[in-house]
Amino acid sequence: MALLCTGLFLLLLGAAAPASAHAALRATDPADGTVLRTAPRQVTLTFTESVGLLTDSFRVYDPTNHRVRTGAAGHASGRADTARVPLPARLAQGTYTVAWRVVSADSHPVSGALTFSVGTRTATVAATAPDTTENPATAALYGIARYLAYLSVALLLGTAAFVAYCRPPRAAPLRAPVLAAAWTLIASTAALFALRAPYEEGTAPARALSPTALARTATTRPGELLLARLALLLLAAAVVLVLRARRTRLPRRATLTVAAAVSVPLALTWSAAEHASAGIQVPLAITSATLHLLAMGTWLGGLAALLRILSRTRALPLSVPVRFSRLALGSVTVLAVTGVYQSWRGLGSWQALTDTTYGRTLLAKLAAVAALLLAAACSRTWTTRMAGARTQTQTQTQVRTTTPARIPEPATGPPLPETPPPPTPTPTPSPSLLLHHLRRSVLAEAAVAAVVLALTTLLTSTVPGRTATETARSTTADAGIPTASVTTIPFDVGTPGGHGKVQITLDPGRVGTCSVQAVVYGPDGGLSTVPELRITLTLPDRRIGPLDTRVTDRGGYWAVDSFTLPLPGTWTMKATVRVSDVDQVTVSAPVRVTR
C-alpha cells in the first residue's frame, strides 16, 4: 500500500504543471508596452530577489522578427536582483520584443517577455510571451528526481535515528531498504545535476548529456550543492565499506557522532538551495529549514523502519515502539516550531493563505499532517495498550508464582476455612491482536507520510505567498507608467475566409488622453489588411457616445495618436470591419476604463 501510494504521487509529480519560479519581476526599464522617442541603450529588469544569468538570458527581436545583436548580459553595479543587457547604438523605428530567462536565488528558473517601441508602435510577429516556461519532459523528470531525493534522504536519516535510539533486537531487516535508499539518493542527485542545465534553460532532456552544460552547472550554486551532496554520500559509503571489510563495529556514541556529522551537512544541501536561501532572515531560515528536514526524516523515515521491523519480527520487544513514540513526539515538536516559522516567512499575511497557490498548497499539507498526527495518535494508543497488557500479564504471572501453598492441618484440628474464589481477571486483548492493530496503524501512518512528502515537494516548487503578494502589489501600484488595455474581438462576415479577429489597444486604458492601435488577424492567425476599420466607444450608463476614435491606416495596422476618454466605467467598444467592397460586420466587447 505504501509503495502504491508512492507510485501514485510520482505520477502526480510527473504530470503536474511546470514548477513556478520564485523570483518575480518587479519592474522593467523601459516599461512593457511603452513608446520611446529615442532608442534605449539597454534593457534592465528588476526582480524581488537576486537572480543568476544564463548564457542566453536575453533575446531581442526587431519589428521584422529578426534577432538583434546585443552585448553580454550582466547585473547592475552592486545589484544582484537586476538583469541588464546592452542594446545596439542605433535601433530602427518600430516595436521590439525582449524575451528573457533567469534563475532565481532559490534555484528555480523564471522567464517572460516584454515589448517596447521606438518612435511609433508597429505590428510585430514575434511572440510577446512564451506559453510555457519549462520543457514538459524535463520538468517532469526533474520533479520526480526531487521527490525521490526527499523520500530516500528521509529513509536514510530516519532509519539511522531508529536504530541508534530505539535499539531493535535485529537490524538485519533494515539493511535492504537502507541500501536501496542510499543508491536511490545517489542516483537522484546525479540525475538532478545532469538535468540542471536543461531545467534552467527550458530545453529537452537530451541537453543533459552536453559536456558544456555539465561544466556550467558545476560552477553554479545549485550545482555546487549537488556535488557536495554526492561527495558526502560517497564518503559515507566508503567509510561503511571500510568498516564492513574490517568487521569493525563502532561504539554507539561514536556511531551517533558520525551520523550527526554527515546528516547535518547533508540536510544543508537542501535548505541552502530552496526557499530559505532567498528572502528575509536567510541565516535563521536556513537553520530552521535544516532542523525541519532532519525532524521530518527522523519521524517519517523512522516510521518506515518501524513498519519494516513489525512486518518481519513476530516477537518485538515493547521497548522498541515505546522508544519510537518518544522519538516521534520530539520530532513533531521540532516540526511544529520550524513549520510555523517557515509558514509565516513564506506567506507574509493571512490573506495569502487562500489567495495564493503557495497558501492553498500549504493548507493541503496541513490537512495531510493533521491526518498523519491522527494516525500517529492511534499508533501511540495501541503501543500503550500493548504495554498495559504485558504489564498485567507479568503481574498475574508473578502473583501465581509467589503465592504460598496452603498446608492442611491434621484431621483432629479445627476445620479449614473455605478458600475464597480467585478474582476474575479483566479480559484483555491478546498481545498478537494488539500487535496486528499496531501494524495496521503504522501502515496507514506511512501511507499518509508519502502524501506529506509529495505535498512538501510541490510546496518547494511554488512561488511563496509573500513574493506573489508583493509582485501583485507592485504590478497594480501606480508607478507613473500607465497600463495599457488590450481587447481582442473575433468577427465573421459569413463568407469563406471572411473571419478573424481584431486586437485593439488603449494606451493607457484610463480616463484622459490615450492612443488607440488596432491590428487585424486573418483566418490563419497572420496579419491581415482590410480596406476599412472603424472603432467607437459608448458608455451606456451615462448615455455617452458612440465616440468615434477615427483610427487611420498606418500601413499594416490602424491607429490614432490622441483620443479622449472622459469618464471611468465599463464602455462598449464596437469595431466595424470591412473585408471587401460589400462584406462588412460590426462586433462589440466590453472594456473597463479606470481613473
Side-chain angles (χ1 to χ4, degrees), residues 1-22 24 106 108 134 139-140 142-151 153-154 270-271 274-276 279 285 288-289 291-293 295-297 299-301 303-304 328 331-379 441 443-469 471-472:
M1 180 177 179
L3 292 177
L4 176 61
C5 189
T6 302
L8 291 176
F9 272 89
L10 284 176
L11 293 176
L12 170 64
L13 290 172
S20 301
H22 302 162
D106 56 4
H108 297 279
E134 304 287 347
Y142 196 84
I144 291 174
R146 292 178 70 246
Y147 179 75
L148 288 176
Y150 269 115
L151 183 63
V153 75
W270 270 272
S271 57
E274 297 291 348
H275 287 164
S288 174
L291 293 175
H292 195 83
L293 179 59
M296 177 201 70
W299 183 19
L300 303 187
L303 184 66
S331 300
V332 169
T333 303
V334 175
L335 285 172
V337 175
T338 56
V340 168
Y341 169 73
Q342 291 178 189
S343 299
W344 166 82
R345 185 176 180 271
L347 288 172
S349 65
W350 288 108
Q351 186 177 2
L353 195 60
T354 55
D355 291 354
T356 64
T357 304
Y358 182 90
R360 290 187 289 270
T361 307
L362 180 60
L363 286 176
K365 180 184 175 181
L366 292 176
V369 170
L372 186 59
L373 291 174
L374 181 61
C378 293
S379 300
S441 178
L443 179 61
E445 202 174 343
V448 180
V451 178
V452 173
L453 277 176
L455 290 174
T456 300
T457 306
L458 293 177
L459 198 63
T460 59
S461 302
T462 307
V463 180
R466 184 187 297 271
T467 301
T469 303
T471 305

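Predicted model, so just to flag it, every value in this text is computed and none were measured.
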Distance, nearest 0.5 Å, that separates CG of L443 from CG of L303: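 Separation between the atoms: 9.5 Å.
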
Rounded at 0.5 Å granularity, tell me how far OG1 in T338 sits from CG in L293.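 Rounded to the nearest 0.5 Å, the OG1-CG separation comes out at 10.0 Å.
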
Of the non-hydrogen atoms in [X] and [Y], which two are nearest, and what is the gap between them?
| X | Y | value |
| --- | --- | --- |
| L335 | M296 | CD2-N, 3.7 Å |
| A368 | V448 | O-CG1, 3.4 Å |
| V334 | L291 | CG1-O, 3.9 Å |

